[in-house]
Amino acid sequence: MSNQFSKSRRQFFAQSGVGLLAYASMPGWLQAMENMGDMPKMAPFKASANFHPDVELDLFCRPSEVAILPGQATRVQRYVAKLVKGPANTLAEIPGSYLGPVMRFEKGQKIRINLHNQLDEATITHWHGLHVSAEMDGHPLYAIDKGQTFVYEFEMLNRASMNIYHPHPHNTTAKQVYHGLAGAILVNDAEERRLELPSGEYEVPIVIQDRRFDANNQLQYVHGMHDRMMGFYGDRILVNGRADFQLDVASRAYRFRVLNGSTARIYKLAWDDNTPLTVIGTDGGLLEVPVNKPYVMLAPGERLDIWADFSGRKVGSQLVLRSRSFSGALPKMAERMMGGMGGGEHGGGRGMGMHASALPMGSDYPIFTIKVARQVGDSPKLPDSLAQIKRYTLHDTANPDKPVPIGISEGPMRMVLNGRPYAYNDILPGERIPFNTVQLMEIFHAHGGSGGHGDKAGGEHGSDAGKGQGMRHGNREESGGRRMGGMGMGMGGMNHGGGQDEGGHKMGMMRGMDHGGEGKGGDHQMGGMGMGGNMGMMMSMAHPIHLHGQYFQILSRTVGMGEGDGYATVKDGFIEGGWKDTVLVMPGERVRIIKPFQDFKGLFMYHCHNLEHEDMGMMRDFLVG
């Protein structure tokens, strides 16, 4: 372990108030985390003679320089693409941006993409949201070195939707995305085309990111362990790779294809004049009907399809899309250190502590400005009905009484799923998914438990511990809504002296000390490194959980009674009626989803899309077979 690493760790504990007792028990686990899962290298795929693409692209990952702020150009990494074969509208550059070109495909097209690595480090590209085979999904197994080429070949199976392409190399995903490697994929199909939604100049990608620059306009990234544990937050908002973004529009309806491209920041999007946001689609495409919301939450990796109608607004008038104040997504101590919520136009009060931010997450600040620049006479009308969606119920699942668990556990230096950091070829029993099935899954905070593996508080065993104490959200729960969202246990099961919860498991600091850093890799304890359930609760924060492969549907949300204040500031901003591939799970919340595992066998990842957390080990594989 390097001296710099150790110094960062000591600084974090001193500043976070964790204390030396917890710190003293951690080195064994930390060493395991730093060496988590050496990844074997697979030979890059080459073009197949019997695959005849309708579309072929060359996609280059290369260093570059882009003018983002006035003055010196900023060094970035970026995707550059060249169309080899296919329709002329397949690629669309975003002017003046470091972001990769928008790729536009049709459902049913056969696609070949030749990925060329021109970086001085390994990389591989993941097609976030696309339903492709395990070999074509961009698993870190297939990372290629400088000078190598990886050939992707797949048929577009997705319905009309907005998806993402970004790097997925082991341990360096966040850094590469932060430095510019990201782009959007728009899929079209006949169902969507019949609606005649705004298109061309009236269909606008909106990629929201936060960045931090030094005095020479160069990107600054992670300065210490605090930035990894809480996620990295910039102090300047960029839209489509540009600062102080303004969009000139006509007085008519637009379609905004919105992506949260930040590595960690969560947004609470709302119009500044309190006009409702009209949402017509989510990660996996169009909803059945439009939904009006006072605000919408948008976590890293999530997308929104927004109908924005400026009809009737006068030329010269302006409208601002803001991120409004909210709380509860970070531990309370971290919120205070960053400056707290409600910070005014630019995040306002800088708060106390070394990590005070000029733009605290959860504060109120502008995203971009819209100016009505010209008057037009007519505008398309918002359809009453958008798309047909096959609704899954518990009866469609292969495991209605035994959901697949995804247990979130965090603490100083500890970001894991189902009790274990990422390691290749480390598949737990609950991570083996029968091929061609539809699965009920439950995502929950597992502090003091074992992420569903050997803990009755986990989703695998049903969690009756919190019966009657939770609040249910969502109207499609078919099993009575008995789940307790808080901390993976009944609230009555908490005690601070190392007693027993209803599942017979020790909790509190003593439990963490009894089991910290020992056992068989962490699969039967979540209290490692001296962090028991009590300390885990102190570290509890929101996590956007992304599952590779097919989209899923949200069945229900359940939240613990103790989470009311923060949860009340975000709960009306969730869109639950459509297809998703990423879901924000707030502290104390359980989210039940239904996900198909069809067409393809192999390893498919699931992880936190707070990319700093992913790189710390909050990532696992499902083995479908």
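For the numbers below, each heavy atom of this structure counts, side chains included, while hydrogens, waters and symmetry mates do not. Note that this is a predicted model, so its numbers are computed, not measured.
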Minimal non-hydrogen separation, [X] against [Y], with atom names:
| X | Y | result |
| --- | --- | --- |
| Tyr551 | Gly129 | CE2-O, 3.3 Å |
| Arg303 | Gly301 | NH1-O, 2.8 Å |
| Val289 | Asp384 | CG1-O, 3.5 Å |
| Ile408 | Met618 | CG2-CE, 3.8 Å |
| Pro400 | Ala398 | CD-C, 3.6 Å |
| Ser161 | Gly285 | CB-N, 3.7 Å |

[Y] backbone acceptor or donor facing [X] side chain under 3.5 Å:
| X | Y | value |
| --- | --- | --- |
| Thr393 | His395 | yes |
| Glu431 | Arg620 | no |
| Thr282 | Trp579 | yes |
| Lys107 | Val187 | no |
| Asp615 | Ala174 | yes |
| Thr569 | Ser327 | yes |
| Tyr295 | Asp572 | yes |
| Asn399 | Leu440 | yes |
| Glu191 | Gln388 | yes |

So, do [X] and [Y] sit near enough that their side-chain heavy atoms are less than 4.5 Å apart?
| X | Y | answer |
| --- | --- | --- |
| Leu547 | Ile593 | yes |
| Leu603 | His548 | no |
| His170 | Met619 | yes |
| Phe600 | Leu157 | yes |
| Asn418 | Tyr606 | yes |
| Phe105 | Asn158 | no |
| Pro544 | Cys608 | yes |
| Pro167 | Val177 | yes |

Positive for ring pair (Phe, Tyr, Trp, His ring centres under 6.0 Å) with His607, one of His139, His168, His126: His168
Separation between [atom1] of [X] and [atom2] of [Y], rounded to the nearest 0.5 Å:
| X | Y | atom1 | atom2 | value |
| --- | --- | --- | --- | --- |
| Ile406 | Arg590 | CD1 | CZ | 12.5 Å |
| Ile389 | Glu288 | CD1 | CD | 4.5 Å |
| Arg257 | Met162 | CZ | CE | 6.5 Å |
| Glu192 | Ile280 | CD | CD1 | 8.0 Å |
| Met441 | Ile433 | CE | CD1 | 5.0 Å |
| Leu277 | Leu269 | CG | CG | 6.5 Å |

How about [X] and [Y]: does a side-chain donor come under 3.5 Å of a side-chain acceptor?
| X | Y | value |
| --- | --- | --- |
| Asn171 | Tyr422 | no |
| Glu302 | Asn260 | no |
| Gln550 | Gln598 | yes |
| His543 | Glu410 | yes |

Parallel, tilted or perpendicular: rings of His609 and His166 (30°, 60°): perpendicular
Stepwise side-chain contact (heavy atoms from CB on, under 4.5 Å) test for Met605 and His546: CA-CA 8 Å; Met605 310 197 93; His546 169 52; over 6 Å; no
side-chain contact (heavy atoms from CB on, under 4.5 Å) partner of His128, chosen from Thr582, Asp283, Ile185, Asn163: Thr582
Pairing of Arg112 and Glu153 as salt bridge, 4.0 angstrom limit: yes
Working for side-chain contact (heavy atoms from CB on, under 4.5 Å), residues Lys571 and Glu589: CA-CA 11 Å; Lys571 66 181 179 64; Glu589 190 175 33; over 6 Å; no
From CA spacing to verdict: side-chain contact (heavy atoms from CB on, under 4.5 Å), Leu555, Leu394: CA-CA 9 Å; Leu555 184 64; Leu394 283 179; 3.7 Å; yes
Intermediate values then yes/no, salt bridge (Lys or Arg N to Asp or Glu O under 4.0 Å), Arg391 and Asp396: CA-CA 9 Å; Arg391 290 284 185 183; Asp396 297 313; over 6 Å; no
Trace of the side-chain contact (heavy atoms from CB on, under 4.5 Å) decision for Trp127 with Met136: CA-CA 8 Å; Trp127 316 106; Met136 298 293 119; 5.5 Å; no
Could you tell me whether [X] and [Y] have their ring centroids closer than 6.0 angstrom?
| X | Y | answer |
| --- | --- | --- |
| Phe597 | Phe622 | yes |
| His131 | Phe154 | no |
| Tyr152 | Phe150 | yes |

Exceeds 12 heavy-atom contacts within 6.0 angstrom, atom NZ of Lys41: yes
Within 6.0 angstrom of Arg228 CZ, more than 12 heavy atoms from elsewhere: no
